[in-house]
Number of protein chains: 2
Amino acid sequence: MKQITVYDIAHEARVSVATVSRVLNGTAPVKASTRERVLEVINKHQFQPNALARSLIKKESGMIGMIMPDIGNPFFPEVFLGAEKEARARGYAIFLCNTMGEQEKESEYLALLQEKRVDGIVFLGGRINQVRSKAELARELVDCASRLPVVLVNGNMPRVSLPRVITDEAAGFRLAAQHLIDLGHRELRFIGGEGSVTATVQKVQALKAVMEENGLPFRPDTVLYGGFSIACGRSLMQTVLAEENRPTAVMCVNDSVAVGAVKAALEAGVDIPGELSVTGFDDTLLATSITPELTTVSQNSHALGEQAVQLLHQMISGEKGRKLTVLEPKLICRQSTGPVEIPGI
Amino acid sequence: MKQITVYDIAHEARVSVATVSRVLNGTAPVKASTRERVLEVINKHQFQPNALARSLIKKESGMIGMIMPDIGNPFFPEVFLGAEKEARARGYAIFLCNTMGEQEKESEYLALLQEKRVDGIVFLGGRINQVRSKAELARELVDCASRLPVVLVNGNMPRVSLPRVITDEAAGFRLAAQHLIDLGHRELRFIGGEGSVTATVQKVQALKAVMEENGLPFRPDTVLYGGFSIACGRSLMQTVLAEENRPTAVMCVNDSVAVGAVKAALEAGVDIPGELSVTGFDDTLLATSITPELTTVSQNSHALGEQAVQLLHQMISGEKGRKLTVLEPKLICRQSTGPVEIPGI
DNA sequence: TTGAAAGCGCTAACAA
DNA sequence: TTGTTAGCGCTTTCAA
């Protein structure tokens with residue numbers, strides 16, 4: 001089953017390969033009648049030019065790589081969707097690389113994508129989200145970025161200056177915290193995430209700032225780390241509910257944790273938002289899956305992916321593109337938060 | 001920023017390009033000392049061979065395409081995860097192509113992937129899941145499959161015989177239906193899906209069969225089509241609840257619809273499973289996100305992706321591979337189903 | 001408006 | 001054990 005090539009087409013249409021290439025790409029005028037003839041042969045054989053050969057010579061592959069931690073977390077498919085839409089519009093196909101945040105997989109994929117000569121890489125999670133990450137890992141990324149355009153999404157690496165598209169997560173978290181305080185909550189908790197992950201730390205700091213602004217004490221036990229999954233949210237909430245002096249509001253690092261937290265509370269017979277307010281983060285489809293629906297912060301995940309690819313495309317095209325794009329998050333008030341109950345009423 | 005090539009390496013290591021290629025691929029013995037020298041130069045320059053050039057000559061690209069309807073539906077990321085794991089183990093990278101079931105996008109991606117010379121394609125949803133699909137679309141797929149390995153996941157096209165990996169969805173649905181009947185339910189409903197989609201029709205027919213086996217009447221109004229989303233589940237449940245004689249159990253085409261349905265019921269003050277039992281399908285993360293947790297049917301989505309890529313790999317390697325792989329679904333009993341309430345007790 | 005021919009960066013005979 | 005060389009299928013000067 002030999003592949004058909006421009007030579008076969010050229011021969012059958014009695015022209016040269018150059019002409020075939022010209023009608024294929026419209027790079028130079030071709031007499032109408034000749035073009036007709038060539039097109040006919042192309043259609044007849046359902047000829048599809050070999051993009052590998054073309055890429056080899058044009059030095060652009062029309063492929064971009066997207067490295068992300070966990071497509072199983074509903075936030076990431078949404079980012080992908082935004083990225084894909086933009087990519088498709090510009091003729092790129094996307095390699096989706098899932099790393100579970102494992103740095104070894106990140107390294108492997110980084111190398112693989114470079115060998116495949118992708119035109120650029122969008123990088124999410126993992127090493128670009130560590131408070132302290134090994135110099136080795138940073139160097140790898142910088143090295144990669146020296147060969148091809150790389151844009152970071154929702155991350156930041158100490159000592160590494162690469163173009164980024166981010167949501168101002170701290171601002172978003174401040175919104176949610178202030179919302180709770182405005183509702184009368186005085187005793188807040190933060191659950192989920194990891195102290196080693198930038199996105200988590202930013203949120204904790206935002207919470208701390210807002211609490212202090214409002215004259216509320218931020219104690220070390222205000223924060224309970226533990227992870228990003230539903231299961232972890234559930235177990236953390238169980239811990240919180242077992243405490244001596246229960247908080248009236250619990251802020252979760254993301255929607256998944258919030259879902260687990262809400263479930264644990266419901267199981268314990270705690271009324272939400274009557275007795276306890278809960279907030280999520282990201283506004284994924286999980287937020288509206290549960291009852292009560294989650295008050296959460298929208299990152300506009302779709303736009304994040306879209307902007308990242310847009311920027312990448314600019315860089316690929318040799319334009320400068322802005323170093324930093326910040327998307328403003330939005331507080332989405334739903335049913336999981338409410339005024340604090342006045343005891344005795 | 002000129003790319004480094006085997007020539008540069010060869011020159012600097014004072015050997016021929018053939019030798020460089022040999023140490024790169026281990027295709028022929030190279031004297032240890034020579035290898036050392038070459039490796040050194042390679043490392044020094046962080047040389048990464050151009051996979052495009054290699055693919056061009058080896059006629060294999062190490063890329064596979066995965067076409068699916070909606071990565072935003074939690075079922076599909078799980079399939080992807082299984083596929084990716086298997087792909088990575090065999091050295092492939094995956095192009096993820098999202099079509100929203102639109103046939104035009106499917107066609108575009110099909111063409112794109114062929115041009116890019118992927119080694120094979122995994123196809124899900126859309127045209128392979130239509131009860132009647134245009135001959136044109138079938139031909140396109142067959143055409144594609146005549147050029148490269150294609151495996152269909154959870155689908156089937158009339159008149160098209162391609163290797164498939166599927167879950168026996170009908171069997172799964174029978175399990176769930178029988179479970180409800182065993183719990184004493186006599187008045188069942190099916191909601192969600194589309195009458196034009198095979199996966200939906202199979203489920204409806206399974207339900208019909210089980211009901212008839214158990215001497216229950218299957219009436220046209222047993223079925224309420226409408227789509228696959230949470231929103232649709234919600235509105236369909238509202239319709240059901242407004243009916244004269246409410247059913248005691250509602251079976252949903254998938255977990256998303258079930259989630260919407262449960263929410264609508266809860267909002268209407270209906271107790272689940274006390275007054276109403278609800279089942280989902282797919283056992284996605286949504287099933288355990290809500291309270292009560294969903295009784296549902298597990299498709300083993302991960303295995304689906306895994307097996308598909310495994311089969312694809314066999315085909316790429318020239319092995320035959322089985323025409324049809326059927327995965328057995330499992331009933332997962334959770335909290336959304338229970339015995340029918342005896343009125344008056 | 002067209003064709004001849006020189007690569008793109010690699011692998012794999014074939015020779016040595 | 002190593003080198004020479006002919007492609008893989010395409011685009012793109014350069015010349016006609």
Side-chain angles (χ1 to χ4, degrees), chain A residues 1-39 41-42 45-63 91 112 114-119 147-148, chain B residues 1-39 41-42 45-63 91 112 114-119 147-148:
Chain A
M1 192 164 69
K2 186 184 159 299
Q3 281 291 339
I4 294 171
T5 75
V6 280
Y7 283 93
D8 303 316
I9 303 297
H11 182 251
E12 190 164 336
R14 282 167 297 115
V15 294
S16 73
V17 290
T19 300
V20 175
S21 173
R22 283 175 193 124
V23 345
L24 240 25
N25 301 289
T27 44
V30 174
K31 186 159 61 164
S33 64
T34 320
R35 165 181 296 110
E36 281 307 296
R37 194 148 34 89
V38 173
L39 245 24
V41 180
I42 286 177
H45 294 286
Q46 303 256 48
F47 170 64
Q48 288 178 304
N50 185 328
L52 295 170
R54 168 183 295 162
S55 299
L56 185 58
I57 190 164
K58 306 245 317 194
K59 290 169 185 330
E60 55 181 52
S61 62
M63 315 186 296
L112 184 66
Q114 283 179 253
E115 291 200 354
K116 294 240 184 294
R117 294 300 190 264
V118 294
D119 292 332
R147 303 169 199 271
L148 49 77
Chain B
M1 193 167 68
K2 187 185 160 296
Q3 282 292 337
I4 294 171
T5 73
V6 281
Y7 284 94
D8 303 316
I9 303 297
H11 182 252
E12 190 164 338
R14 284 167 296 117
V15 293
S16 73
V17 290
T19 300
V20 175
S21 173
R22 284 175 193 123
V23 346
L24 241 26
N25 301 289
T27 44
V30 175
K31 187 159 60 160
S33 64
T34 321
R35 166 180 295 112
E36 280 308 295
R37 194 146 36 88
V38 174
L39 246 23
V41 180
I42 286 177
H45 293 289
Q46 304 257 49
F47 170 64
Q48 288 176 304
N50 185 327
L52 295 171
R54 168 182 295 163
S55 299
L56 185 56
I57 190 165
K58 306 246 316 193
K59 290 168 184 328
E60 55 181 52
S61 62
M63 315 186 294
L112 184 66
Q114 289 182 77
E115 291 198 354
K116 293 238 184 297
R117 294 301 190 262
V118 295
D119 292 332
R147 301 169 201 271
L148 49 78

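Order of the sequence lines sets the chain letters (A, B, ...), proteins ahead of strands, with each chain counted from 1.
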[Y] and [X], any side-chain heavy atoms less than 4.5 Å apart:
X	Y	answer
B/K59	A/Q3	no
B/V23	B/I42	yes
B/R117	B/S55	no

Can you check the [X] [atom1] to [N] [atom2] distance for me, whole Å?
X	N	atom1	atom2	answer
A/L52	C/dT11	CG	P	14 Å
A/R54	C/dG7	CZ	C1'	17 Å
B/N50	C/dG9	CG	P	7 Å
B/I57	C/dA12	CD1	C1'	7 Å
B/D8	C/dC8	CG	P	11 Å
B/R117	C/dC10	CZ	P	21 Å
B/H11	C/dG9	NE2	P	16 Å
A/K116	C/dC10	NZ	P	14 Å

Q: Have a look at B/F47 and tell me which of B/L39, B/D8, B/L24 forms a side chain to side chain contact (heavy atoms under 4.5 Å, CB included) with it.
A: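 The residue from B/L39, B/D8, B/L24 that satisfies side chain to side chain contact (heavy atoms under 4.5 Å, CB included) with B/F47 turns out to be B/L24.
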
Applying a 4.0 Å non-hydrogen cut-off, can you work out what [X] is touching in the nucleic acid: base, sugar-phosphate, or nothing?
X	value
B/S55	nothing
A/V20	nothing
A/T5	sugar-phosphate

**Q.** Short side-chain N/O contact from B/K59 to OP1 or OP2 of C/dT11, under 4.0 Å
**A.**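 Indeed not, no polar side-chain atom of B/K59 lies that close.
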
Q. OP1, OP2 of C/dG3 versus side-chain N and O of A/T19: anything below 4.0 Å?
A.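 The answer is yes; a side-chain N or O of A/T19 sits under 4.0 Å from OP1 or OP2.
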
Q: By nearest nucleotide on DNA chain C, pick out whichever of A/Y7 and A/K31 is the more 5' one.
A: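 Upstream on the strand: A/K31.
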
Q.
Both B/A53 and B/S16 contact DNA chain D. Which one's nearest nucleotide lies toward the 5' end?
A.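 Result: B/S16.
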
Q.
For the backbone of B/A13 and the side chain of B/R37, can you confirm whether one donor and one acceptor N or O come within less than 3.5 Å of each other?
A.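 At least one qualifying donor-acceptor pair exists.
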
Q: Heavy atoms only: give me the nearest B/D119-B/L148 pair and the separation to one decimal.
A: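 Distance-wise, the nearest heavy atoms are O-CB, 4.4 Å.
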
Q | For chain B, the stretch of DNA chain D it reaches, first to last nucleotide, under 4.0 Å of its heavy atoms | A |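 Reading along DNA chain D, I get D/dT1 to D/dG9.
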
Q. Are more than 12 heavy atoms from other residues, nucleotides or ligands located less than 6.0 Å from atom NE2 of B/H11?
A.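 Incorrect, the count does not exceed 12.
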
